[in-house]
Amino acid sequence: MTATGLRIIAGKEFSDHLRSRRFHLLFAILAVVAAVGMITGAVQYSKDLSDYNAVQMIAEGDDDPTLAGNLAGMKPSVLSAYSQMGMLMAGIGVVLGIAMGFDLVTREKESKSLKSLLAYPVFRDEVINGKALGGVGAIALAMGVVLIVSVAIMALFGIVPNLDELVRILVFGVASFLLVFTFFALALLMSTVSKDSGSALLYSLIVMIVLSSFVPIFAYTPVYSAVFGDAPTPPGMSTYSYQQSSSAYMVTTTKVGVQASDTIDPEALAEYERASREYMNQKRTITDIVTLVSPTGNYQTILGAVSQPAGDSTPWLGNLLGALACNVIALLAMPAAFFALAWVRFMREDIR
Amino acid sequence: MIRCDRLTRVYNGIPAVDDLCLEIPAGEVFGLLGPNGAGKSTTILMLVGLIQPTSGACFIDGVEVAAHPIEVKKKIGYMPEDVGFYADLTAEENLDYAARFYGLKENERRTRVGDLLALVGLDGVGTKVGGYSKGMRQRLGLARALVNDPAVVILDEPTANLDPRGVLDYRRIVRELAERGTTVLVSSHILPEVSKVCTSVGILARGKLIASGDREMLSRAALQDRVTIDVETMTPMPRLDSPEILSAEYSQDACSARIVAKNDISALIAETLYAEGILPRRLAVEKPDMEDILLSYYTEGTA
């Protein structure tokens with residue numbers, strides 16, 4: 001591989017993206033949505049902070065250590081503003097990624113410029129690498145601008161993030177970039193396997209729907225029950241309730257409530273608790289797998305963890321990323337896999 | 001300058017190019033002729049390094065294409081049959097982009113691109129290539145093939161979409177290239193075009209080179225075993241009889257005939273008519289044109 005060909009192609013692709021009307025339109029929507037999300041989040045943050053301060057003053061006035069202790073983990077974080085922005089990003093960023101990649105190779109085929117391009121003194125891998133690099137550059141630029149806009153909006157509201165929050169904002173930016181890049185790489189793959197841009201777009205959308213909407217269906221309780229069976233039935237006639245939550249740093253819990261008037265065999269209850277725990281563990285495993293397979297699922301998991309309210313209970317970022325290692329790896333591995341497949345397919349492309 | 005050594009390319013078990021041996025000396029304008037599916041484009045794609053041979057090898061200026069594709073691509077200029085450009089760029093921008101790959105500096109590129117656009121008659125056209133006619137694209141394709149001032153120019157169906165003026169310009173450019181010592185390989189099915197610009201030709205059929213040489217040599221070779229003689233007389237002529245005659249067709253009034261013989265027996269026919277006291281009105285030996293020559297080879301090649 002020669003660096004010259006790669007640089008020329010990447011430069012052209014980057015410039016093409018930046019000049020493309022499609023990119024302008026989606027980037028404008030992304031920037032507006034991010035700005036609106038940030039403004040809404042910043043307003044909400046200011047309100048939450050004011051409420052928190054008011055409650056804290058009451059706690060200090062009453063000299064109630066229990067209330068003060070409970071408040072410690074409830075201090076609002078500037079990151080909560082990014083939570084809203086991230087939800088919007090998960091929708092529009094995906095479309096931006098697909099829009100930037102679906103015709104990168106098919107457009108060359110359709111305009112019949114691919115044969116000429118490959119007849120220049122360049123290796124094939126320079127062509128596909130250059131296309132990917134140009135796209136990555138444009139995505140990075142778009143994400144960078146969105147991040148700067150978001151910090152600027154916070155500054156306008158007089159919110160100054162501390163170092164930990166700045167690092168978390170950066171993690172949010174990198175995760176958003178990886179999400180868009182995942183769908184860009186997917187669209188690039190579809191562009192290499194399809195004969196025309198229309199088919200490439202269609203295939204990209206189908207895979208996107210499968211990964212973002214179809215696969216996560218299996219984690220929803222009704223669908224999960226239909227596929228893997230219902231949760232164990234509690235013994236007796238009492239009202240039972242259980243809580244379950246799953247995330248990278250929260251422990252799954254199962255609680256069973258029993259009314260005092262019930263007469264329940266303790267063995268049946270123990271068996272029920274065991275079966276419930278097993279069911280919950282299985283469900284959590286399935287949910288985690290489903291999340292790992294879905295790029296938006298990983299992104300939302302990371303986003304949710306990164307934008308948790310600050311306070312004493314907030315884990316240190318290093319620990320947090322350690323706990324999210326699987327999601328981070330999955331978010332890195334998926335675009336890498338899509339790009340590797342696109343690369344192999346393009347290298348084997350039959351030119352006639 | 002161009003050499004194919006037992007070059008073979010197989011698609012799904014069917015050889016598109018089959019054991020092709022070909023040598024084109026430097027400075028030659030070589031016409032590669034053949035019917036559709038003969039393997040012309042596949043041969044060219046292997047010569048420009050776009051596809052790998054299944055077996056055998058091809059060389060440009062002594063460098064094996066498959067082993068050193070970048071080195072070879074720097075030496076050649078290629079215009080594909082279905083020439084394509086970036087529709088959202090102007091002709092100048094398209095050529096400038098192509099020139100970057102050959103390491104030309106900005107000022108060199110500007111001069112070169114301007115000269116080439118003037119050469120193909122597209123200077124001053126500021127519109128984007130998306131609005132070009134097929135002929136204009138073909139002209140631009142020719143300019144792009146020359147952007148690196150190549151030692152070998154390979155043109156696949158170069159006049160397919162050109163208007164008469166464009167064809168004249170194309171012939172002029174090819175002749176100028178030949179005068180400068182550039183080797184030109186032209187693949188075409190437009191036979192008059194090949195015969196007008198090429199100094200030698202090769203005929204492909206079913207992936208094999210069935211004949212090659214200069215035009216006269218091919219003509220002689222094609223004429224080796226048959227000559228057509230048209231005879232017209234004032235009065236009915238007798239049936240001509242000679243072991244040289246392969247076939248003969250007479251008109252109903254026997255005043256005209258079309259004789260196909262192994263050799264030129266026009267003198268013998270004249271003598272026979274004179275002996276019979278018949279006045280000849282016309283006695284003509286048909287010289288086959290390029291198309292006849294080609295068809296005779298195609299027939300042989302596909303038989």
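For clarity, every value in this text was computed on a predicted model and none was experimentally measured. To find a chain, count down the sequence lines: A is the first, B the second, and so on, and within it residues start at 1.
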Quick check for you: among B:V147, B:I51, B:L45, which has the greatest number of heavy-atom pairs under 4.5 Å with chain A?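 When all of B:V147, B:I51, B:L45 are compared, B:L45 has the most.
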
Could you check which of B:A98, B:P69, B:G141 has the highest count of heavy-atom pairs closer than 4.5 Å to chain A?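 Sorted descending by pairs with chain A, the first entry is B:A98.
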
Contact part of [X] toward chain B, heavy-atom cut-off under 4.5 Å: side chain, backbone, both or neither?
X      : answer
A:L114 : neither
A:R107 : neither
A:E110 : neither

Mind listing the closest non-hydrogen atom pair of [X] and [Y] along with its distance?
X      : Y      : value
B:P80  : A:S116 : CG-OG, 3.7 Å
B:L50  : A:R124 : O-NH2, 3.3 Å
A:Y120 : B:R144 : OH-CD, 3.0 Å
B:Y102 : A:A119 : OH-O, 4.2 Å
A:P121 : B:F101 : CG-O, 3.4 Å
B:K73  : A:L118 : NZ-O, 2.7 Å

Counting only heavy atoms from other residues, nucleotides and ligands, does the tally under 6.0 Å from [atom1] of [X] exceed 12?
X      : atom1 : answer
B:E157 : CD    : yes
B:N36  : CG    : no
A:R22  : CZ    : yes

Gap between atom CG of B:D88 and atom CZ of A:R21 - 0.5 Å precision: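 Interatomic distance, A:R21 CZ to B:D88 CG, rounded to 0.5 Å: 11.0 Å.
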
Is it the backbone or the side chain of B:A87 that comes under 4.5 Å from a heavy atom of chain A, or both, or neither?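 No part of it gets close to chain A.
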
Under 4.5 Å from a heavy atom of chain A, the part of B:I76 involved: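 Contact with chain A is absent: no heavy atom of B:I76 under 4.5 Å.
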
Start with the C-alpha gap between B:D156 and A:K115, add the side-chain angles, then the distance that decides, and say whether side-chain contact (heavy atoms from CB on, under 4.5 Å) holds. CA-CA 12 Å; B:D156 199 354; A:K115 210 185 265 184; 5.9 Å; no

